[in-house]
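In this text the structure is predicted, and so the values were computed from the model without any measurement. One-based numbering along the sequence shown.
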Amino acid sequence: MESPFSSQKGLLIQEDLRLSKSMSWDQTQDGQRNQSHQTSITWVPTEVANNVTEFIFLGLSQDPGMQLMFFALFLLFYIVIMVGNLLILLTVFSDPRLHTPMYFFLSNLSFVDIAYASATTPKMIADFISEKKTISYWGCVTQMFTFHFFGCAEIFVLTIMAFDRYAAICQPLRYTTIMSANVCIVLASLSWLGALGHSFVQTFLTFQLPFCNNQVIDHYVCDVHPVLNLACADTTLVNMLVVVNSGLIALGCFLILLASYTVILFSLRKRSSESRRKALSTCGSHFTVVTFFFVPCFFIYLRPSTTFPLDKAVSVFYTTITPMLNPLIYTLRNEDVKNAMKRIWSRKVSLKEKQKG
């Protein structure tokens, strides 16, 4: 006969088993919930890092009166850039006397100036009269790529133009061989390919970083340093690569330019006063352009990724002022271009008179 104590003991054992199963089930559920919670925690930052769809520019000024003044001023600058550089392109292509290496590269420079200014200036002008100065993520990528592509192409073209002047002044008997048509095409092609490689590396290094929720760019253009300041990751290595990629290219080309002009100046000592005057006029125009373009580039790109309030004003020189000055300098100080423009204008006037008669 079974005792009541044994039956009570059996009931207690069953209850303990039921409780232990319940506890293990709860622990399993808690573990699954904790695992799910941990998964959601580790997933959120990735989602936030890829959540930036647009950036906001602070622009050159936040003052409404200054913005209206800048709108009128930079609109005028952009019109001068387009008209002046298009006029040089038309003149060089229309006059057979200008079908020489020097003016071939000058036409390349005018085309670069048109594209370079168009990469940034129209957006900047539109932002002056916009309440919210925004640009999409991919718009920022595109602007940075085109900005550095045409900017680097301008550096290379200016360097080749200095080499062309060295060959013309210091090696006059071999000039047609050194700067043949095939050589000019190869040099121009290498300039564009080099600029393409530079721009691709620069843009890739910048936009492979996460940006989290930082969206405000303290600039009027998507340049490397202002955008890198928004990255929510360590940018030390990227900053070093940017300095090497941008700063050293500009410095290396500038040293080549200085070497070319130094050799030219020494060689001019033995020439006649008329030869010196003509050579110095051409080289002086080129060196003026080089100074306005390279010095601001050194200030921006030959230093670590730090931003100063002066950066935006300095950037205006190589994004807008230099493309505007190039056609003015190369037309007002270049007799060949001025004479070619006069001939084109005379032919146009005589053609109109014949049509009227």
Side-chain angles (χ1 to χ4, degrees), residues 38-59 112 115-116 118-120 122-124 127 132-156 190-253 296-308 311-312 314-315 318-319:
Q38 289 175 358
T39 303
S40 65
I41 288 175
T42 56
W43 174 249
V44 167
T46 304
E47 192 68 29
V48 171
N50 296 329
N51 199 36
V52 174
T53 58
E54 67 177 14
F55 295 100
I56 301 171
F57 291 131
L58 290 183
V112 170
Y116 186 44
S118 298
T120 58
K123 171 63 178 169
M124 177 175 60
D127 284 342
K132 194 175 182 183
K133 304 171 178 58
T134 60
I135 187 171
S136 68
Y137 178 88
W138 288 107
C140 190
V141 173
T142 303
Q143 188 181 63
M144 183 180 292
F145 181 84
T146 54
F147 174 63
H148 279 274
F149 174 55
F150 292 114
C152 188
E154 177 141 351
I155 288 175
F156 289 146
L190 289 176
S191 298
W192 289 102
L193 288 174
L196 183 66
H198 158 80
S199 184
F200 177 80
V201 171
Q202 201 85 320
T203 308
F204 175 77
L205 287 174
T206 304
F207 286 97
Q208 51 88 27
L209 295 170
F211 291 98
C212 301
N213 290 324
N214 296 327
Q215 292 178 282
V216 180
I217 299 176
D218 188 14
H219 213 284
Y220 61 86
V221 63
C222 284
D223 201 0
V224 177
H225 291 321
V227 175
L228 281 179
N229 288 336
L230 306 184
C232 52
D234 185 13
T235 60
T236 305
L237 178 60
V238 176
N239 285 327
M240 292 174 58
L241 293 173
V242 165
V243 170
V244 170
N245 192 27
S246 291
L248 293 186
I249 286 177
L251 181 61
C253 290
C297 284
F298 294 153
F299 179 80
I300 298 295
Y301 296 110
L302 271 179
R303 58 178 169 83
S305 181
T306 54
T307 56
F308 301 112
D311 286 357
K312 290 185 281 188
V314 171
S315 298
Y318 58 83
T319 58

query: Is a side-chain donor or acceptor of D234 paired with a backbone partner of T236 at a separation under 3.5 angstrom?
result: yes
task: Fit a plane to each ring of Y301 and Y318, take the angle between them on a 0 to 90° scale, and name the class: parallel (under 30°), tilted (30 to 60°) or perpendicular (over 60°).
output: tilted
- line: d(C232 SG, L209 CG) to nearest 0.5 Å is 8.5 Å
task: Just jot down the ring-ring contact (aromatic ring centres under 6.0 Å, His included) partners of F150, sequence neighbours excluded, or say none.
output: none
query: If every non-hydrogen atom of A195 is compared with every non-hydrogen atom of A153, which pair is closest and at what distance?
result: CB-N, 3.5 Å
field: Contacts of L58 that satisfy side-chain contact (heavy atoms from CB on, under 4.5 Å) - sequence neighbours left out
entry: Q62, V216, D218
task: Only counting residues at least two apart or in another chain, list the ones meeting ring-ring contact (aromatic ring centres under 6.0 Å, His included) with F298.
output: F254
With sequence neighbours excluded, residues passing side-chain hydrogen bond (donor to acceptor under 3.5 Å, both in side chains) with T146: none
Which residues share a ring-ring contact (aromatic ring centres under 6.0 Å, His included) with H198, sequence neighbours left out: H148
statement: side-chain contact (heavy atoms from CB on, under 4.5 Å) filter on V244, not counting sequence neighbours, yields L248
- prompt: What are the two closest non-hydrogen atoms of Q143 and V221, and how far apart are they?
  reply: OE1-CG2, 3.5 Å
query: Taking side chain as C-beta onward, heavy atoms only, is F145 less than 4.5 Å from L196?
result: yes
task: Determine the interplanar angle of the Y137 and F207 rings, folded into 0 to 90°, and report it as parallel if under 30°, tilted if 30 to 60°, perpendicular if over 60°.
output: perpendicular
task: Could you tell me whether the side chain of H225 reaches within less than 4.5 Å of the side chain of V242, counting heavy atoms only?
output: yes
field: Residue list, salt bridge (Lys or Arg N to Asp or Glu O under 4.0 Å) with K133, at least two apart or on another chain
entry: none
Residue pair L230 / P226: nearest heavy atoms and the distance that separates them: CG-O, 3.8 Å
task: Quick one: pull up OG1 in T142 and CD1 in I135 and give me the separation to the nearest 0.5 Å.
output: 8.0 Å
message: Taking side-chain contact (heavy atoms from CB on, under 4.5 Å) as the definition, give me every residue that meets it alongside L190, ordered by chain and number, with sequence neighbours left out.
response: V186
field: Atom of G194, atom of F156 and distance for their closest heavy-atom approach
entry: C-CE1, 3.7 Å
- request: Check side-chain hydrogen bond (donor to acceptor under 3.5 Å, both in side chains) between S246 and all other residues, then give those that pass, not counting sequence neighbours.
  value: Q202
query: What residues form a side-chain hydrogen bond (donor to acceptor under 3.5 Å, both in side chains) with S136, not counting sequence neighbours?
result: none
field: With Y116 via ring-ring contact (aromatic ring centres under 6.0 Å, His included) - residues at least two apart
entry: F147
- request: Applying disulfide bond (SG atoms under 2.5 Å apart), name anything that partners C140, two or more places apart in sequence or on another chain.
  value: C222
- prompt: T319 side chain to S315 main-chain N or O, any donor-acceptor pair under 3.5 Å?
  reply: yes
message: I need the F55 CZ to T134 OG1 distance, nearest 0.5 Å.
response: 12.0 Å
message: Rounded at 0.5 Å granularity, tell me how far CD1 in I300 sits from CG in D311.
response: 4.0 Å
- request: Please examine the side chains of T203 and S199, heavy atoms only from C-beta on, and report whether any two atoms are closer than 4.5 Å.
  value: yes
- prompt: Would you say F149 and W192 make side-chain contact, with heavy atoms under 4.5 Å?
  reply: yes
Side chain N239, main chain T235, donor-acceptor under 3.5 Å: yes
